[in-house]
Every structure is written in structure tokens, then in C-alpha cells.
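Lettering of chains follows the sequences in order, A, B, ..., and the numbering in each one begins at 1.
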Amino acid sequence: MASTVDFRTLVDQSCRYSDEFVNIYYDCIDKRRRNLTRLYLDKATLVWNGNAVTGRDALSEFFESLPSKQATQGQTTLLVVTAGSVKFDGNKQRYFNQNFLLTAQASPNSDQPVWKIASDCFRFQDWAN
Amino acid sequence: MAKRFDGSQQALDLNNIRVDPDLVSQNIEVTLNRRNSMLAVIKIIEENIPELICLNLSNNRLYRLDDLADIVNKVPNLKILNLSHNELKTERELDKLKGLKLVELSLEGNPLSGHYKNQADYVSAVRERFPKLLKLDGHVLPPPIGFDLEVAPATLPPCKASYFCSEEIKNIILCFLQQYYSIYDSGDRQPLLDAYHDGAAFSLSIPFTLQNPTTIDLSSLGEYQKDCRNIRRMKDDPTTRFRLIKHTRLNVVAFLNELPKTQHDIASLIVDVNTYTATLLAFTVSGVFKETDGKSRDSFRAFSRVFIAVPAGNAGLCIVNDELFVRNATTEEIRRAFVAPAPTPSSSPVPTLSAPQQEMLAAFSLMSGMNLEWSQKCLQDNDWDFDRAAQIFTGLKVHQWFTRINEEFIYKT
């Protein structure tokens, strides 16, 4: 895939997209859990502390069960790495590391590509306790 | 204090603890209306019986609940609380315990009980703080009227260890990591150039707040701080944001060589495979390492590292993206680190080898450059067929695997 865009521009673009994505994702997971699966590709995979969940239906079920809180060839892909702390209802606060692979998909509604999560990997820092 | 704990009921009785004969005889003063005593008690509960359901604090001359407030976060399952015969003057004290999902509460014998003209107002005021309350001062209450929007609290799914997707990928990744980290820990990281793609990119980050309360080692992450790339803090500084990505493999490896020397606990590495497709293998490695030189010599760090790789010639995997997150290791992590002997990828006992096998092992190890342990694993997995094992190592299998996945993709879409 020949790219006419230079690396610096890609970096700047990536930063803008990642920033927006992180805001949307964590807002969604806190407040609008049911809409969360829309951010994922049909075939996306989530690896949650070693538990693998694939496909939108399974993802939907998985997110519902949490207490209340495919890159294809030639696709532009973005890696977002986050770290922070989370408190699920009825549990104590814990630190976590998470990373996402986002791919750009053409959208019928706009000329801007839509970013979808191709994979999501989440792990508590103290998962072994 | 163990005498006062009833495990079957998850109940702790601290009624009039100040005059407890055991404590008095040992000259231990537990005066719960003093901040230090209350905080100490909460800490003991948090560390030993955090699942506590029932707590009796009656007859302790409590006149305020500020010091008890932490119990909301630290003992989240508390449902029954006895605060009777204390000195609480107003119901506003209960605000400090908001968030506790109390089902039973006792307040009789406190000055605040006398404030209410009628029972209904009293119940109502208490229920404002504890909507799920069913019993107050020993009286069963009429069921609360309300909209039950709250879904029953679910439990989190259990946490598991590495997720590899398949045995094949597991072998590929473990093989790769063994080689990668043996170079990384060797003192000269220059040979890692072969592992990276020409256009590879690398960046580093550390925790937003360096105060992780469970660490004992407060040595700073100073060596890493200046290169920490947290884009949230660099919205107005695109130049730094750009500069902190190490781009092209020469820059990546040059930077890696500047980082403190390390020793990784290979046996304890956890791997999560994010994605694997025809063209991409992305996985996250977490684990612990020790710094072996520099200002922070002997400090233990924990890390989470994302590798994105593509298939490549003989080496098998070629890294295009590498993001490393470093933090101080927790006491638990340090305790568990470097305990296991040198890693063996298989869990089966090591069989004694015949003479021809030993010869083959030596030859294979020489050819591949892998240590005896990994060489043996590779040969064993391939029934001691040297050529087959060699094929795996040289990555031909990687190609076959990638090709197969590619075909699957074509047929499915």
C-alpha cells in the first residue's frame, strides 16, 4: 500500500483520532453500555483478563454481564494503549492496562472513515490476586 | 479480636470494645470515637475480613461518623450495622456512610432518635440515606416503594492467565519472546535490529500518577519519565508528541539500548493474543523485570508491552509496532517473581534422552541458536524429526499458517 502521506502527518492524525476514541469509549462503557458493541467490528475479539470473546453477539452478552462500569489487508490500523483505574460496582478499585486495535471502515453516511474496534485487550494489573 | 468475629455470619462484634478484658489486660487502648482507633480497626477489617456483612459498633461513645466513612469503599458488602447507644446527635452523620447498601440498621439510644415527632419522618430520613433498608431499630419496615433500576450486582468474570488462541501461535510467540528477551537482557540490544521492520515505531509510557499504593519500592521511574509519551498531556505540543515516537528500527533499537539493563522473569510472562490475521499478529505481554544497573539497580518493575508483528522471512516475526508501559512492581508481584526455575514451555516432565536424541538436540541447538530447553521442546513437538522441527523454526510453518488464515478469510467473505 503506497502512502503519499508522510509519517509526521500520520502521527498527528492518529493522536487526534485516539484522543477522541478514548473519550467516546470510556464514556460509553460507563454510561451507555448497550451502545458499546456498535464501536466494534462484527468479527472483533475481546481478550478480558485471559477470557476471549468473539463476535458482536458474544460481546453484547459479555458487556451485559459486567457489573454496572480483523484487520483486513491494506486497512489503516491504529493502536491505542491506555492505562488507568476502574471500579466495578460492588468491587474495589483496581488498576488496569488496556489496548485497542482500531481499523478505518468506509462509512456510507460520511466521507470520513469510521473507526471500529477490531480487537480489545484488557487486564487488571493485579489479575493474579 | 478473633473472638468477636463470627465467620459463619460474617459478623464482627465491637460492642463496647474499650472495656474488652483481653485488650485491657494487654494495655491496648481501642477507643473507637478516636480517629486513630477507628482507622486502625477499618484497616484490620479491610485486610482480613473485607467480605464482612455485619458490624456491631454499639456502646462506643461515637459522636461522629467521619472516621467510619472509608468503610463504604473498603467493606462494600456490609449490610447490617449496629450504631445503637452511641452519641450521634443528628441524622446528618448518616450522610457520611452513604453508599453502604444497608439492609438493617440500629440507631436507638442515640440523641438523634429523639428529634422526630413521628416514626414515619424518622424512617423516611434514614431511608433517604439507605434506600434498601428493611429493618430499623429492630422493627421490620414496610417494603420501600421505588423504581428498582438497579440491576442485581453481577460478579466479575474470573481472571485467567495467558490467552494464546491456538497451540501453533503459542509456540511461535513463546519462541519469539525467548529469543527477544535473551537478547534484551544480554547487555547489548543491538542484535534486536533483526527483529524489527525498517519502518517500525516504538513508544513508552508510565503511570499517570506514580503513586501506586501497593508498592514498597518507591524508587522513581526517572529513567523513563522523560520519554513517557502520554498524548493526553501533549495536546498542545505536537512536536514533542512526534519526537517521542522512535521511528525506524535504527532509532528504536538505539533507544532501547539506552534504557537500563534488565533481567526479565520469562517464566512469569503472560501473553494475550489480540488479533491474528493473514497479515498481522498483535499480542500483549505482561510481566516483571529487574533492573541490573544504573541508579535504580535491583528495582523491580512491571510492564505491559504490545507487539504488532507481520510475517517475515526466516525469523518468523517482524515487529512493526512496539508500545511499552512500565510501572513499579507491587509487593505481590515482587514476591512471586523469579521463583520458578528456567522456563519450560511444556508441562510434561522432561524425559531422559537417548544418545541419538542428544546428538540431534546439540545439532539443532547449534543450527537454530536456541538454548537446549527450547530446542528440545521444538524437537519433541515434532517427534524428533529434525527437518520438520527445522522448518518450524525457520518460519516456514508461519507462512503456511498465515496462508491458511488468508484462505479462510477469502472463503468467508
Side-chain angles (χ1 to χ4, degrees), chain A residues 7-8 10-12 14-16 18-19 22 43-53 62 64-68 70-75 77 79-85 87-101 103 118-129, chain B residues 46 50 73-74 76-77 101 150-151 153-163 165 199 201 203 205-208 212 214 230-232 234-235 238 241-242 245 247 270 272-275 277-280 282-284 286 302 304 306 308 321 323-325 327 330 332-333 336 406 409 412-413:
Chain A
F7 188 66
R8 169 72 192 252
L10 284 177
V11 169
D12 287 338
S14 305
C15 292
R16 258 184 299 126
S18 321
D19 196 49
V22 167
K43 290 193 196 137
T45 316
L46 160 66
V47 182
W48 199 91
N49 287 302
N51 295 287
V53 182
F62 180 82
E64 291 293 312
S65 77
L66 288 179
S68 59
Q70 191 164 296
T72 51
Q73 263 175 320
Q75 286 285 321
T77 309
L79 169 68
V80 179
V81 176
T82 62
S85 67
K87 183 183 183 313
F88 285 103
D89 220 20
N91 293 269
K92 63 179 173 72
Q93 196 177 52
R94 296 165 87 167
Y95 292 99
F96 70 89
N97 285 101
Q98 187 165 20
N99 59 79
F100 305 90
L101 272 178
T103 59
S119 77
D120 171 354
C121 181
F122 177 99
R123 210 172 251 284
F124 288 130
Q125 286 183 3
D126 63 351
W127 67 273
N129 294 3
Chain B
E46 182 198 3
N73 282 327
K74 298 195 172 153
N77 291 347
K101 300 191 170 62
E150 218 180 290
V151 182
T155 43
L156 290 172
C159 294
K160 301 191 186 146
S162 300
Y163 168 69
C165 248
S203 69
S205 53
I206 62 177
F208 180 73
N212 184 332
T214 54
N230 178 353
I231 62 175
R232 293 225 118 164
M234 291 171 193
K235 286 191 204 177
R241 211 169 56 179
F242 177 71
I245 293 193
H247 184 222
I270 296 295
D272 287 318
V273 176
N274 305 28
T275 307
T277 68
T279 50
L280 202 77
F283 55 98
T284 310
S286 344
S304 173
V306 184
I308 301 187
N321 210 314
E323 286 208 37
L324 173 62
F325 175 87
R327 57 177 170 85
T330 62
E332 258 306 295
E333 285 168 332
R336 273 199 291 259
N406 201 8
F409 253 76
K412 276 185 186 167
T413 50

Heavy-atom proximity to chain A below 4.5 Å, by part of [X]:
X	value
B:S162	backbone
B:P158	backbone
B:A282	side chain
B:S205	neither

Against chain B, label A:R16 side chain, backbone, both or neither, depending on which of its atoms sit under 4.5 Å from a heavy atom there.
->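 Neither; nothing under 4.5 Å.
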Side chain / backbone / both / neither for A:D12 at chain B, heavy atoms under 4.5 Å |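 Looking at A:D12, backbone and side chain both touch chain B.
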Looking at residues at least two apart in the chain, or sitting in another chain, which of them share a ring pair (Phe, Tyr, Trp, His ring centres under 6.0 Å) with A:F122?
->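 For A:F122, the residues satisfying ring pair (Phe, Tyr, Trp, His ring centres under 6.0 Å) (neighbours in sequence not counted) are A:W48, A:F96, A:F124.
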Ring pair (Phe, Tyr, Trp, His ring centres under 6.0 Å) partners of A:F100, counting only residues at least two apart =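 Ring pair (Phe, Tyr, Trp, His ring centres under 6.0 Å) list for A:F100, sorted by chain: A:F21, A:Y25.
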Determine, step by step, whether A:N99 and B:F325 satisfy the side-chain contact (heavy atoms from CB on, under 4.5 Å) criterion, reporting the C-alpha distance in whole Å, the side-chain angles of both residues, the deciding distance to 0.1 Å, and the verdict.
-> CA-CA 11 Å; A:N99 59 79; B:F325 175 87; over 6 Å; no
Among side-chain atoms of B:T330 and A:D126, is any donor-acceptor pair under 3.5 angstrom?
->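 No, A:D126 and B:T330 have no side-chain donor paired with an acceptor closer than 3.5 Å.
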Any side-chain heavy-atom pair from B:P157 and A:F62 closer than 4.5 angstrom?
->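 A side-chain contact under 4.5 Å exists here.
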Between CZ on residue A:R123 and CG on residue B:D272, distance to nearest 0.5 Å |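 So the gap between those two atoms works out to 4.0 Å.
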Value rounded to 0.5 Å, distance of OG1 in B:T284 from CG in A:N97 |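 B:T284 OG1 to A:N97 CG: 9.0 Å, rounded to 0.5 Å.
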